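The block underneath contains the structure these notes are about, expressed in structure tokens.
Note that the structure is a prediction, hence the values are computed from the model and not measured.
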Amino acid sequence: MDIETDGRFGNKRVHNRLGPANGAASSSTSGKVCIHWRAGRCNRFPCPYLHSELPEATTKRTNHGAGAGGNVWRNPSSGGGGGRGGGGLNKWGRGPGGGDGGPRHKVPDRPCRYFLAGDCSYGEKCRFPHTYCMSDSITLLTPLQGHEKVVTGIALPAGSDKLYSGSKDGTVRMWDCQTGQCAGVINMGREIGCMISEGPWLFVGIPDAVKVWNMQTQAEMNLTGPTGQVYALAVGNELLFAGTQDGRILAWRFSAATNGFEPAASLVGHQLAVVSLVVGAMRLYSGSMDKTIRVWDLATLQCIQTLSEHTGVVMSVLCWEQFLLSCSLDQTIKVWAATESGSLEVTYTHKEEHGALALSGMPDAQSKPVLLCSLNDNTVRLFDLPSFSDRGRIYSKQEIRAIQVGPGGLFFTGDGTGELKVWQWVIEGAQTK
């Protein structure tokens, strides 16, 4: 995909004044650890003293990423996840600002709420920042406007120079990655529940069906079988999975003979709608409105474990090396790791003040793994892993339900107003021109 990655998307430069780094409070030239931080009650920002123990701070910086050419979105600790589930030293939530009960970095002043609503009358004289992002790690390249309702899916098919987005307004929009302009609109006539791409294929979940396009051959097909809205899609072990409103997960297998998809299985177990699916290590993980996560063996398509630790709808699941991460409307992000018996147990729980909606992960500009989590307070939180140190926040007019990672340090968010935004990771401290 030919996308500009030097601060442009569609040959448009975006001048964006970013807020101070969330990590600024923990840096110090004195080399001393704040005694108030140790006591758990430091309220200075920025604090002139360290908000971390010196040996831990050194260790965290060297264990985050992979070596040259390695997989940067990976397990940062060869000792596993720690706790009951992972074995070895538990590093989850142990960084500055982590969720282990220790103090957090104070988040910089939020952007002007009138700016976010589009009607600040003070302009440049406003004492609150006019920005959609409070972080010096990412920059907004350009907004993409056209959808009239919430964006529910974003996809970048392999070999295509188009970005695709689906919305509850019943349309799929194609965006030219070189010009940043809308290159076409497909009117589905029904609300789109989700969208993914795999190879040249684009899959779109709608009520009672999955629409399929081959972006290379222009072949189009309609997969029937779902009852109600299709909320989640995933591909694994040469199967396409669809999570449906009635709690089933339907599977289709690609047939080279017919150049189409044939029904393969119906996975039954959830009591309510399946709203999230992810595949990893020959397992399918499904999150549901029934507050559970089910683990399915891809070889047998049998449920081998049901995870019931969440107390709200499980909105999103994400695989990260041998770990499973999940988020829920119960205001938590949970990290799961396998025990010696192979079953998953919670090794760390990160608590938020708002319900969590969507998870995604990617390396930052320094190849360190970062978790992105959207909340129902219209923000996306950025966390270093495994420490859960705060890297900043993205703000939006309405909830962000879709996050998609792209090439070259790019990622995309889609919110409730129908607007997409294109973001890029930058080297901290670098000035955007």
Side-chain angles (χ1 to χ4, degrees), residues 1-5 9-10 73 141-142 144 146-147 151-188 190-206 209-223 230-243 251-256 258-262 276-280 318-319 358 360-362 372 401-414 418 420-424:
M1 171 174 277
D2 184 13
I3 299 180
E4 297 280 353
T5 59
F9 184 88
W73 183 238
L141 296 187
T142 188
L144 304 176
H147 285 298
V151 176
T152 53
I154 307 170
L156 294 88
S160 173
D161 62 350
K162 301 293 190 297
L163 172 72
Y164 292 81
S165 59
S167 166
K168 284 191 175 182
D169 65 11
T171 66
V172 173
R173 284 183 172 262
M174 298 176 286
W175 307 90
D176 190 294
C177 295
Q178 296 184 11
T179 67
Q181 300 299 310
C182 182
V185 180
I186 303 172
N187 192 347
M188 305 291 296
R190 312 190 74 181
E191 287 191 356
I192 294 170
C194 56
M195 173 190 291
I196 66 168
S197 62
E198 180 71 19
W201 298 98
L202 181 69
F203 304 100
V204 180
I206 58 175
V210 176
K211 295 287 289 188
V212 184
W213 284 276
N214 187 306
M215 297 295 103
Q216 296 176 356
T217 66
Q218 306 306 311
E220 178 182 342
M221 58 198 74
N222 196 51
L223 307 182
V230 175
Y231 288 114
L233 293 163
V235 173
N237 198 30
E238 299 183 351
L239 292 168
L240 169 68
F241 297 97
W252 293 266
R253 190 180 303 277
F254 179 75
S255 170
T258 63
N259 198 33
F261 292 83
E262 305 295 334
S276 182
L277 294 171
V278 71
V279 170
L318 175 71
C319 288
S360 188
M362 68 184 301
L372 294 80
R401 292 298 186 103
I403 306 173
Q404 175 64 44
V405 173
L410 295 176
F411 66 96
F412 309 86
T413 58
L420 275 75
K421 288 188 174 72
V422 184
W423 306 88
Q424 185 178 23

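No side-chain heavy atom of L202 sits under 4.5 Å from any side-chain heavy atom of V212. Contact check for S165 versus M195: no side-chain heavy atoms found under the 4.5 Å cut-off. Looking at heavy atoms from C-beta onward, K211 lies out of side-chain contact with F203 at the 4.5 angstrom threshold. L156 has its side chain within reach of P407: a pair of non-hydrogen atoms, C-beta onward, lies under 4.5 Å apart. Side chains of K421 and L144 form no contact here, defined as non-hydrogen atoms less than 4.5 Å apart. Looking at heavy atoms from C-beta onward, Y164 lies in side-chain contact with P157 at the 4.5 angstrom threshold. The side-chain heavy atoms of Q424 and F411, taken from C-beta on, include no pair separated by under 4.5 Å. Side-chain contact between Y231 and L277 is absent, with no heavy-atom pair separated by less than 4.5 Å.
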What verdict does the side-chain contact (heavy atoms from CB on, under 4.5 Å) test give for I192 and V172, after you've listed the backbone C-alpha separation in whole Å, the side-chain angles of each residue and the deciding distance to 0.1 Å? CA-CA 8 Å; I192 294 170; V172 173; 3.5 Å; yes
I'd like to know whether L372 forms a side-chain contact (heavy atoms from CB on, under 4.5 Å) with M362, so could you lay out the CA-CA distance, the side-chain angles of the two residues, the decisive distance to 0.1 Å, and finally the verdict. CA-CA 8 Å; L372 294 80; M362 68 184 301; 4.1 Å; yes
Run the side-chain contact (heavy atoms from CB on, under 4.5 Å) check on L239 and W252 step by step: do they pass? CA-CA 6 Å; L239 292 168; W252 293 266; over 6 Å; no
For the pair V210 and V204, evaluate side-chain contact (heavy atoms from CB on, under 4.5 Å) and give the outcome as yes or no after the intermediate values. CA-CA 6 Å; V210 176; V204 180; over 6 Å; no
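Minimum interatomic distance between D176 and A183 (heavy atoms only, all atoms of both residues): N-CB, 4.3 Å. Listed here is the closest heavy atom pair of V405 and S360: CG2-OG, 3.3 Å. Contact record, C194 with A232: SG-N, 3.4 Å, taken as the closest heavy-atom pair. The shortest non-hydrogen separation linking I154 to V151 is CG1-CG1, 4.0 Å. Considering all non-hydrogen atoms of both residues, A358 and I403 come closest at O-CD1, 4.1 Å. Of all the heavy atoms in E198 and V235, the pair that sits closest is CG-CG1, 3.8 Å.
With rounding to the nearest 0.5 Å, the separation of SG in C182 from NZ in K162 is 10.5 Å. Note: Q404 CD to I196 CD1 = 9.5 Å, rounded to the nearest 0.5 Å. Taking CD1 from I206 and OG1 from T152, the interatomic distance works out to 11.5 Å, rounded to the nearest 0.5 Å. Note that CD of E220 and CG of N214 are 11.5 Å apart. Values are rounded to the nearest 0.5 Å. Residue M174 holds its CE atom at 8.0 Å from CE of M215, rounded to the nearest 0.5 Å.
For F254, the ring pair (Phe, Tyr, Trp, His ring centres under 6.0 Å) test picks out W201, F261, with sequence neighbours left out.
Looking at T171, its side chain never comes within 3.5 Å of a backbone N or O of R173 through a donor-acceptor pair.
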